[in-house]
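Report on the structure given below.
Being a predicted model, the structure only gives us computed values, none of them experimental. Basis for what follows: all heavy atoms, side chains included, without hydrogens, waters or symmetry-related copies.
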Amino acid sequence: MAHPEIMEGTYDYVIVGAGTAGCVLANRLTEDPNVRVLLLEAGGSDAYHWVHIPIGYLYCIGNPRTDWLMKTASEPGLNGRSLVYPRGKVLGGCSSVNGMIYMRGQAADYDAWRQMGNVGWAWDDVLPYFLKSEDGFRGAAPMHGEGGAWKVERQRLSWEILHAVQEGAKEFGIPPREDFNDGDNEGSGFFEVNQKRGIRWSTARGFLRPAMKRPNLRVVTHANTETILLEDKRATGVVFERAGLRYRAMAEGEVLLAAGAINSPKLLEHAGIGRPAHLRDLGIEVRHALDGVGGNLQDHLQLRTVYRVRHASTLNTQANSLVGKAAIALQYLLTQSGPMSMAPSQFGMFTRSDPSKATPDLEYHVQPLSTDRLGDPLHPFPAITVSVCNLRPDSVGTCHVTSADPHAQPDIRLNYLSTESDRVVAVKSLRQARRIMTARALARFTPEEILPGPAYQSDDDLVEQAGNIGTTIFHPVGTCKMGNDAAAVVAPDLKVRGLDRLRVVDASIMPRIVSGNTASPVVMIAEKAADMIRGNGPATSPH
């Protein structure tokens with residue numbers, strides 16, 4: 001960076017964001033040795049032990065070294081609460097701090113995208129990209145890949161109480177399921193995770209590290225991209241700040257925004273791309289009117305119910321003594337297994353809030369631990385958390401910049417529980433969780449409801465309590481939605497509508513949130529985008 005204005009040379013592609021999607025793009029585009037790629041990351045290196053130890057997410061979220069420390073606006077549906085909204089601040093982005101759950105969603109999710117006019121995004125179109133990236137423990141199979149960059153393994157620990165919950169769920173029509181990722185995730189089972197022998201496997205490890213050995217990739221950390229350079233409706237590069245100096249990075253091919261569902265719309269708005277009235281109010285010159293930027297924000301809200309149990313081992317009891325902590329640390333040191341290898345959730349269930357639903361609309365995350373609030377100390381008694389979330393909420397929010405300062409956090413408004421349908425699902429899901437905990441298979445553990453508490457029985461009570469115990473599951477999507485309607489920001493080829501040489505490649509392009517965890521769908525989106533950018537035909541199944 002010898003020159004204060006122009007980054008050394010020009011590039012074919014400038015990728016903004018070395019997160020879940022950006023690392024995949026950097027790898028795939030630099031497979032062509034004649035392509036020059038610059039990858040800009042506002043955060044720092046992932047060379048931090050808590051990034052790689054799975055339980056370390058507890059020490060990465062809320063840590064300014066690894067988290068942007070964002071917050072939502074006050075949420076009326078959550079009784080006025082503002083939520084902490086973690087976003088990864090390191091190479092790998094949220095894949096370096098997330099829950100590591102490998103989940104594709106349902107075939108119906110992607111078929112619905114196609115029905116909305118997004119040609120090329122149906123289940124049969126995207127499945128080959130899931131297979132391409134996967135290196136799964138099952139090996140090559142019709143629904144699974146082998147030899148890809150995205151490691152998928154079984155978790156390396158077991159809890160008797162979680163097996164009992166699975167037995168109990170069977171009593172209420174939720175059968176065990178071996179595979180959540182074949183397009184139909186209905187049933188119960190233990191989550192598969194993005195790990196390698198008990199170590200977190202982020203996209204930085206899987207995709208970026210191998211690509212960094214190539215001479216045609218340059219990665220710059222602590223590079224805060226401030227705006228996109230435009231000439232005659234064409235993106236030509238970006239301006240970014242590093243260590244107090246500003247630089248221009250020029251792209252002869254395309255500028256690729258992979259900054260995530262919060263920061264990609266922010267970058268567009270700071271470049272003058274968005275709703276004209278909003279931009280003018282902030283003193284930002286309107287360069288391209290696109291009303292959908294920052295709209296359509298969707299997320300999964302989880303309702304965290306807690307049950308005290310007896311005669312069961314849980315993390316609460318293990319981790320609340322020095323001897324227990326020492327045993328946990330020793331087990332991980334010797335075998336990379338046990339509680340320190342835990343994903344935040346070990347056991348899951350997909351089911352329906354109502355028999356009329358065509359596919360499961362609820363996802364449970366069941367954990368052998370409990371707190372009053374996320375981040376608080378574990379309870380001093382054995383307990384489990386039975387979180388349940390509405391997979392397809394109707395509540396939609398917004399994410400917009402609040403000033404012309406490119407470093408200011410945008411205004412994040414999820415509007416959780418703002419629709420009657422979402423409130424109905426919330427009540428049904430809390431009642432369903434209670435029923436499951438009355439199963440005969442759980443009787444020997446005598447579950448006792450702690451949160452929200454058995455005193456709350458009416459629908460109105462449960463809506464209010466949903467607002468008290470609800471919290472994000474960190475799945476923001478949709479703010480640069482794909483489509484052909486007036487609210488769409490990108491077309492099905494992910495090019496920003498009305499502009500040349502500018503694409504968005506991350507969770508923000510989802511027109512509708514998927515029915516499950518979002519990291520692996522973002523990997524798929526980046527895999528598919530790389531093929532489109534390089535002019536390759538659609539991927540086909542390797543089997």
Side-chain angles (χ1 to χ4, degrees), residues 14-30 37-70 84-102 133 135 148-153 193-214 217-225 240 242-243 256-264 332 336 340-344 474 505-507 517-520 522-523 526-527:
V14 174
I15 304 170
V16 180
T20 305
C23 291
V24 178
L25 285 175
N27 181 298
R28 296 309 187 194
L29 295 178
T30 56
V37 174
L38 174 66
L39 178 61
L40 299 174
E41 168 55 37
S45 167
D46 62 342
Y48 179 48
H49 65 285
W50 285 125
V51 167
H52 307 293
I53 299 172
I55 199 68
Y57 74 91
L58 292 171
Y59 306 100
C60 290
I61 291 174
N63 181 344
R65 177 172 178 170
T66 49
D67 180 5
W68 286 106
L69 305 180
M70 293 184 178
V84 171
Y85 214 62
R87 299 284 87 199
K89 191 183 176 184
V90 292
L91 293 175
C94 289
S95 76
S96 291
V97 300
N98 70 2
M100 296 163 283
I101 292 173
Y102 180 71
S133 63
D135 186 19
W150 198 222
K151 299 282 186 185
V152 180
E153 293 188 348
V193 290
N194 296 119
Q195 293 182 9
K196 181 179 180 180
R197 294 193 291 275
I199 304 292
R200 174 190 291 274
W201 195 259
S202 66
T203 59
R205 270 185 173 249
F207 291 88
L208 185 58
R209 288 281 177 263
M212 288 176 74
K213 299 174 184 177
R214 300 169 184 158
L217 173 63
R218 183 167 191 184
V219 180
V220 182
T221 55
H222 303 293
N224 292 284
T225 300
F240 69 94
R242 189 177 192 271
L256 307 172
L257 300 187
I262 303 302
N263 283 322
S264 282
Y332 187 77
Q336 285 74 59
M340 288 186 70
S341 71
M342 280 173 54
F474 319 131
V505 184
D506 55 35
N517 307 71
T518 52
S520 292
V522 171
V523 172
E527 290 273 25

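- Under the 4.5 Å side-chain criterion, counting only non-hydrogen atoms from C-beta, V152 is in contact with Y102.
- Closest of all the heavy-atom pairs between G198 and P54 is O-CD, 3.2 Å.
- Salt-bridge annotation for K196 and E153: absent, with no side-chain N of the basic residue lying under 4.0 Å from a carboxylate O of the acidic one.
- Remark: side-chain polar atoms of S264 are paired, donor with acceptor, to backbone N or O of A259 under 3.5 angstrom.
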- Message: Using the rule given for side chain to side chain contact (heavy atoms under 4.5 Å, CB included), can you reason through V24 versus E527, listing the C-alpha separation, both sets of side-chain angles and the distance that settles it, and then say yes or no?
- Response: CA-CA 7 Å; V24 178; E527 290 273 25; 4.0 Å; yes

- Tell me, with the steps shown, if R65 and D46 meet salt bridge (charged side-chain N to carboxylate O under 4.0 Å, His left out). CA-CA 10 Å; R65 177 172 178 170; D46 62 342; over 6 Å; no

- Show your reasoning for whether side chain to side chain contact (heavy atoms under 4.5 Å, CB included) applies to T20 and D506. CA-CA 8 Å; T20 305; D506 55 35; over 6 Å; no

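- A distance of 10.0 Å separates OH in Y85 from CE in M70, rounded to the nearest 0.5 Å.
- With sequence neighbours excluded, the residues that form a side-chain contact (heavy atoms from CB on, under 4.5 Å) with A261 are P476, T479, S508.
- Of all the heavy atoms in A526 and A21, the pair that sits closest is CB-O, 3.6 Å.
- The distance from atom CD1 of I15 to atom CG of L38, rounded to the nearest 0.5 Å, is 8.5 Å.
- In this structure, CD1 in I55 is found 7.5 Å from CE in M340, a value given to the nearest 0.5 Å.
- When atom types are taken as modelled, the side chain of E41 and the backbone of G43 share a donor-acceptor pair closer than 3.5 angstrom.
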Less than 3.5 Å apart, which donor and acceptor atoms pair up between the side chains of residues 88-99 and the rest of the protein, not counting sequence neighbours?
from, atom 1, to, atom 2, distance (Å)
K89, NZ, P64, O, 2.9
S95, OG, G92, O, 2.6
S95, OG, T203, N, 3.1
S95, OG, T203, OG1, 3.2
S96, OG, L91, O, 2.8
N98, OD1, M100, N, 3.0
N98, OD1, R200, NH1, 3.0

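- Listed by chain and number, the residues in a side-chain hydrogen bond (donor to acceptor under 3.5 Å, both in side chains) with R214 are T30 (sequence neighbours excluded).
- Using modelled atom types, one side-chain atom of N194 and one backbone atom of K151 make a donor-acceptor pair closer than 3.5 Å.
- Using a 4.5 Å heavy-atom cutoff, the side chains of L40 and V219 are not in contact.
- Residues satisfying the side-chain hydrogen bond (donor to acceptor under 3.5 Å, both in side chains) criterion with S520, sequence neighbours excluded, are W150.
- For A223 against F240, the heavy-atom pair with the smallest separation is CB-CD1, 3.6 Å.
- M212 has its side chain within reach of L217: a pair of non-hydrogen atoms, C-beta onward, lies under 4.5 Å apart.
- For the residue pair W68 and A42, the shortest heavy atom distance occurs at CZ2-CB, 3.5 Å.
- Not a single side-chain hydrogen bond (donor to acceptor under 3.5 Å, both in side chains) links D67 to another residue, sequence neighbours left out.
- To the nearest 0.5 Å, the span separating CG on L29 from CG on L256 amounts to 6.5 Å.
- Minimum interatomic distance between S45 and T221 (heavy atoms only, all atoms of both residues): N-CG2, 4.5 Å.
- One distance of note links OG of S202 with CG of L208; it measures 8.5 Å at 0.5 Å rounding.
- Applying the side chain to side chain donor-acceptor pair (under 3.5 Å) rule to pairs touching residues 49-60 yields H52-R205, sequence neighbours excluded.
- With hydrogens and angles ignored, the 3.5 Å screen pairs a side-chain donor or acceptor of Q336 with a backbone N or O of Y332.
- Side-chain atoms of N27 come within 3.5 Å of backbone N or O of F207 as a donor-acceptor pair.
- Remark: the N63 side chain and the Y48 side chain contain an N/O donor-acceptor pair separated by less than 3.5 Å.
- Considering OG1 of T66 and CZ of R87, their distance stands at 13.0 Å, rounded to 0.5 Å.
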